[in-house]
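Just follow the structure's listing: the first ligand is 1, and inside any ligand the first atom is 1.
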Amino acid sequence: MDREPAEVATRAGAGLQHDSAAKHVSGAAVYIDDMPELPGLLHMALGLSAHAHAKIVSLDLKKVHAAPGVVAVFTARDIPGRNDVGPVIHDDPIFADGLVQYAGQSLFAVAAQTVELARAAARLAVIVYEDLPAALTIEQARALGLELEKPQRMSRGDSAAALKSAKHRLHGRLEIGGQDHFYLEGQVAMALPQEDRDVQIFSSTQHPSELQHLVADMLGVPSNAVTVEVRRMGGAFGGKETQAALPATVTALAASKLRRPVKFCMDRDDDMLLTGKRHDFVIDYDCGFDDDGRIEGVEFVLASRCGYSTDLSLAINDRAMFHSDNCYFLPHVSIVSHRYRTNTQSNTAFRGFGGPQGMMGVERVIDAIALKLGKDALAVRKVNLYGPAPRNITPYHQAVEDNIAPDIIAALEAKADYAGRRAAIAAFNAANAVLKRGLALTPVKFGISFTTTHLNQAGALVHVYADGSVHLNHGGTEMGQGLFTKVAQMVAEEFQIEMAAVKITATTTAKVPNTSATAASAGSDLNGMAALAAARTIKERLIALAAKRFSCTPENIVFRDGRVHGGTASLSFGELARAAHLARISLSSTGFYKTPKIHYSRAEHRGRPFYYYAYGAAVSEVAIDTLTGENRVLRVDLIHDVGRSINPALDLGQIEGGFVQGMGWLTSEELWFDASGKLRTHAPSTYKIPAASDRPPVFNMELWKGENREETVHRSKAVGEPPLMLAISVFSALTDAVASVADHKIMPHLDAPATPERILLAVEKLRPVL
Ligand code: MTE
Ligand code: HPA
Ligand code: MOS
């Protein structure tokens, strides 16, 4: 498309800053806890279970009621409708009722005059538990056969026969830890009672429509009595796709009962104790391959810790299966997935949604093959990549039609001087007994679309006011990723007006109904298209009017740089809007979009679940100290595919943030439960997310030049989640560094996260303590 440079600088394709950037850094951006408090506002806190699995013999709340400042206390008995926030299966009580299923589960809520009084009162309950046997780990649940649903199996070809006939064979196990979302803004909601029994809720949620429906069911009122609004979240990362429901429902309950405004801002420790996290996994693999390391057959058995309820675990574990191939053609493959029910927090969506865990399995297989054959792991990666038919069919039978992984890898290998640095690292390791370096290049192929097909829809609402200014609303939510900016860019582009003329407004169920969560990285794909559809409807009406005014055909009307031209005549966009209003033409429209081409049979695990794939690759170089296990990421080079970027600045921000978050998952963030099932890492003092100083000192990021072959908005690609998985290169590089102590002859026993402790243990297994 030809565009003048001046236009490019202001609209679609421009690296504009986030619409709230200045507000974010100055502190002026309003989050829910910053909103003005109405008179009479009450604050809430929850009483949490101290036991992992127990009958509640008695729950004595007299002291809680009597505590200073307490106005009301709520338990399961006070809920007029359904005591449940389960998004798919109704197994997620708001308040545990007679039975607790994890340490940290909510039992009751207190509404008090201040936050401090509410939190203090919540600790005064006298609870008598009768303990039941608790399954805390994957292995405990496996031994007891506690599964959320029957094991799922995805397969193609005859893996058993391929394993038998392969020249080489190896099997092994990888354990992968979970991850807390650690959004800067914790879970929070504020509810205001409205006329009749209506309630208005401000929630930090990725999924306003679901909260609307859950609150309505909880109160026993229709959906039209509940409005949910969110202007922005201070980070979500999947942790607010379902987990925002608890504060939203308890504040709505209290507001509805007490007829007073109510706010619940979770304490960080409570937030970490209460809410679900990334699923931890155990992956067993059995692989057969040839002398080149080409995989002939592979069997994966995935097992994950889902926690006490279903939440989104079925779809998350499906996505782990979908990404067990990553970029590699697996000629004969079987993937079996077990979803274990445990007495821990109900694990939930987290950036990548199971995909990262699935990919870790096959990347470990490749590292193990390389060590067994004495080859460079990159060479083994390359011989296994998807290629032309017939080497282009995924384990779920979708054909990979847009494979650019080989091109990205080749470009990155050259750019990052992989071969030169491999030689330099070998020399360094030969010369140093204590410090060892490692290097790895790993690719990413991530499927874009909700794998639950019906979720791939979106709506928008656009108003053009008579002065030509625009009000933009859509079903997507803003969590820092820049969705609102991108969608506004598309609307400004369509009308050919300045970004400043497009007002970005808060997401609300009152304007766009029945939306999907902003998730699966599909926010801009879905909402961008819906907003464009709305804008195009209005534009068509304006074109018809302008053609009449300028006495030309509609085809000759051109929107350019704030003006609408027809032949030699023109009007400003505002003048035309005014004329349309006077001519009694509607300047408001909804827009709707649904993703084409996708379909999936979950019963057979077969179909085309993904509209397209997003690709990328990264090379990471690390150093470890073999006496302490300490480690650093020294340098990262990456190339990532965002199709034709709507906003390169925001896209690079997503790539950098995703990578560093992935690094944290695989290196320093460790969830630690004690023997009774209590999470002991529930604050930043014990749970280590990457700090600014952990950003790799050399970090070269590049956007792949290309466009989406599918007809997405601006031919762009989703970017929110895929870059997180580029951090698997860090884990592989650490594995490589550890393997160097045994001359790359033995596969290290290194699980994730590769904390200093685990690295040290892995080193010591490979060589005697110095
Ligand atoms: N970026 C920021 N800054 N904050 C977030 O919470 N969430 C991630 C990703 N990037 C997140 C983020 C997740 S899990 C998803 S699914 C996508 O953003 C959602 O937004 P999108 O669909 O608009 O990309
Ligand atoms: N990704 C993120 N969230 C989801 C998905 C998905 O594929 N399916 C249902 N919720
Ligand atoms: Mo993202 S895990 O799909 O919210």
Examine [X] against ligand 1 and note whether any of their N/O atoms are separated by less than 3.5 Å.
| X | result |
| --- | --- |
| Gln481 | yes |
| Ala522 | yes |
| Thr518 | no |
| Phe350 | no |
| Phe237 | yes |
| Gly523 | yes |

message: Looking at Arg82, I want to see if its CZ is surrounded by more than 12 non-hydrogen atoms of other residues, nucleotides or ligands under 6.0 Å.
response: yes
message: If the threshold is 4.0 Å, N to carboxylate O, is there a salt bridge linking Asp34 and Arg232?
response: no
field: Pairing of Arg608 and Glu710 as salt bridge, 4.0 angstrom limit
entry: yes
- prompt: What do you reckon, does Ala519 put a non-hydrogen atom under 4.0 Å from ligand 1?
  reply: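 Right, Ala519 reaches ligand 1.
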task: Select the closest option to atom 16 (S) of ligand 1 among Ala349, Ser521, Gly238, judged by heavy-atom distance.
output: Ser521
Atoms of ligand 2, numbered as shown, that sit under 4.0 Å from any heavy atom of Leu455: 9 (C)
task: Find all atoms of ligand 2 within a distance of less than 4.0 Å from any non-hydrogen atom belonging to Ala519, and give their numbers and elements.
output: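 By the 4.0 Å cutoff, the relevant atoms are 2 (C), 3 (N).
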message: Any non-hydrogen side-chain atom of His640 less than 4.5 Å from a side-chain atom of Met701?
response: no
- prompt: Is the closest side-chain heavy-atom distance between Val719 and Ser521 below 4.5 Å?
  reply: no
Provide, to 0.1 Å, the distance between [atom] and the closest protein heavy atom, together with that atom's residue and name.
| atom | value |
| --- | --- |
| atom 1 (Mo) of ligand 3 | Glu721 OE2, 3.6 Å |
| atom 2 (S) of ligand 3 | Arg351 N, 3.1 Å |
| atom 4 (O) of ligand 3 | Gln206 NE2, 2.8 Å |
| atom 10 (N) of ligand 2 | Glu241 OE2, 2.9 Å |

Test side-chain contact (heavy atoms from CB on, under 4.5 Å) applied to Asn473 and Thr505, Thr507, Thr590, Asn527, the passing residue: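 It is Thr505, the one option of Thr505, Thr507, Thr590, Asn527 that forms the side-chain contact (heavy atoms from CB on, under 4.5 Å) with Asn473.
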message: Is there a polar contact between ligand 3 and Ala520, counting only N or O atoms under 3.5 Å apart?
response: yes
- prompt: Does ligand 1 have a heavy atom under 4.0 Å from the side chain of Ala520, from its backbone, from both, or from neither?
  reply: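 Near ligand 1, Ala520 shows its backbone, while the atoms from C-beta on stay back.
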message: Ignoring hydrogens, what is the shortest heavy-atom contact between Leu455 and Ser516? Give both atom names and the distance.
response: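 Looking at all heavy atoms of both residues, the shortest contact is O-OG, 2.6 Å.
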message: Under 3.5 Å between any N/O of Arg319 and any N/O of ligand 2: does that happen in this structure?
response: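 Checking ligand 2 against Arg319, an N or O pair does fall under 3.5 Å apart.
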